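Pasting a structure here, questions to come.
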Amino acid sequence: MKRTWSNIKGELRKLISPVFVLLLLLSTCMWYLTKLSYTYQSQIPFTVEVEGNRFRVECLVEGTGYRLFSHKYFKTNTINLNIRDIQTTPSVINNGSYVINPYSLQNAISIRTSDLRIISVGDLPEINPVN
């Protein structure tokens with residue numbers, strides 16, 4: 001016997017109620033929304049610009065699921081800093097470059113993203129001063 005799509009669809013409709021599928025989808029959405037109110041940790045990349053030097057830094061952040069979701073998918077995570085906002089030391093390897101203190105960058109990002117708690121920052125590049 002040849003099975004057509006309409007036959008298969010009719011048999012599935014007998015086995016699975018459309019009301020059941022609708023309620024299952026509704027309960028899944030409600031479960032997901034309640035889980036977003038919990039506190040989570042996640043890696044979020046931030047683009048940092050320090051007086052003409054632009055680089056990306058991965059930050060481990062903590063916040064509610066709503067905040068993390070909005071920062072990951074909707075907000076632009078670009079932070080403009082002044083050289084006075086962070087602590088730098090001259091590089092030992094590259095003359096004329098500066099090494100950024102990760103704790104000072106973490107504090108500077110924390111001030112500008114008050115809805116998230118910045119736990120740590122990733123690897124940082126050396127920056128060159130603007131002439």
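Remember, it's a predicted structure, so these values are computed and weren't measured experimentally. The first residue in the sequence is number 1, and the count goes up from there.
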Using the rule that two of Ile, Leu, Val, Met, Phe, Trp, Tyr join whenever any of their side-chain heavy atoms come within less than 4.5 Å, decide whether F74 and I79 are in one cluster.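 F74 and I79: separate clusters.
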
Going by side-chain hydrogen bond (donor to acceptor under 3.5 Å, both in side chains), name the residues that satisfy it together with N94, two or more places apart in sequence or in a different chain.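 For N94, the residues satisfying side-chain hydrogen bond (donor to acceptor under 3.5 Å, both in side chains) (neighbours in sequence not counted) are E126.
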
Atom pair CG/CG of L68 and L36 - distance to nearest 0.5 Å: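 With rounding to 0.5 Å, CG (L68) is 9.0 Å from CG (L36).
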
For the backbone of N101 and the side chain of Q87, can you confirm whether one donor and one acceptor N or O come within less than 3.5 Å of each other?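 No; judged by distance alone, with no hydrogens or angles, the pair does not exist.
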
Identify the two heavy atoms, one from A108 and one from L81, that lie closest to each other, and give their separation to 0.1 Å.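 So the two residues come closest at CB-CD2, 3.9 Å.
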
With rounding to the nearest 0.5 Å, note down the distance linking OG in S120 to CG in L105.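 The distance works out to 11.0 Å.
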
When you measure from the side chain of Y66 to the backbone N and O of L33, does any donor-acceptor pair fall under 3.5 Å?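 The answer is yes, because a donor-acceptor pair under 3.5 Å joins these two groups.
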
With the 4.5 Å side-chain cut-off for hydrophobic clustering, are I86 and I111 part of the same group?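 Unlinked, I86 and I111 end up in two clusters.
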
Under the rule for ring pair (Phe, Tyr, Trp, His ring centres under 6.0 Å), what residues qualify as partners of Y73, not counting sequence neighbours?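 By the ring pair (Phe, Tyr, Trp, His ring centres under 6.0 Å) rule, Y73 matches F69.
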
Tell me the closest heavy-atom pair linking E51 and N82, and the distance in Å.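 Smallest heavy-atom distance, with atoms named: OE2-OD1, 2.7 Å.
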
In this structure, would I118 and L60 fall into the same cluster of hydrophobic residues linked by side-chain contacts under 4.5 Å?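 No, because I118 and L60 fall into different hydrophobic clusters, even though each may have its own neighbours under 4.5 Å.
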
Would you call F46 and V121 a side-chain contact if the rule is heavy atoms closer than 4.5 Å?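 Heavy-atom side-chain distance check fails, nothing below 4.5 Å.
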
Any non-hydrogen side-chain atom of C59 less than 4.5 Å from a side-chain atom of I44?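 SC-SC contact between C59 and I44 ruled out.
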
Using modelled atom types and a 3.5 Å cut-off, is there a donor and acceptor pairing between side-chain atoms of E58 and backbone atoms of D123?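 Not at all, since once roles are kept as given, no pair shorter than 3.5 Å links the two residues.
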
Between atom CD of Q106 and atom OH of Y103, what is the distance when rounded to the nearest 0.5 Å?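 Separation between the atoms: 7.5 Å.
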
Identify whether W31 and L24 are in the same connected component of the hydrophobic contact network (ILVMFWY, side-chain heavy atoms under 4.5 Å).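 Different clusters: W31 never reaches L24 through Ile, Leu, Val, Met, Phe, Trp or Tyr contacts under 4.5 Å.
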
From M30 atom CE to L23 atom CG, the distance as rounded to the nearest 0.5 Å: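 One finds 10.5 Å between CE of M30 and CG of L23.
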
Which distance, rounded to the nearest 0.5 Å, do you find between the OG1 of T78 and the CD of E49?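 Here the interatomic distance stands at 8.5 Å.
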
Are T113 and D115 close enough that some pair of their side-chain heavy atoms sits under 4.5 Å apart?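 In contact.
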
Evaluate the side-chain proximity of I127 to I83: yes if any heavy-atom separation is below 4.5 Å, no if none is.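 SC-SC contact between I83 and I127 confirmed.
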
Quick check: closest heavy atoms across I100 and P125, and the distance to 0.1 Å?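 Answer, listing the atom of I100 first, then P125: CD1-O, 4.2 Å.
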
Any side-chain heavy atom of P90 within less than 4.5 Å of one from Y98?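 Yes - at least one pair of side-chain heavy atoms lies under 4.5 Å apart.
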
Rounded distance [0.5 Å steps], OG in S110 versus CZ in R112: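 Nearest 0.5 Å value for the OG-CZ distance: 10.0 Å.
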
CA sep, side-chain torsions, deciding dist, call: T88, V50, side chain to side chain contact (heavy atoms under 4.5 Å, CB included): CA-CA 11 Å; T88 58; V50 181; over 6 Å; no

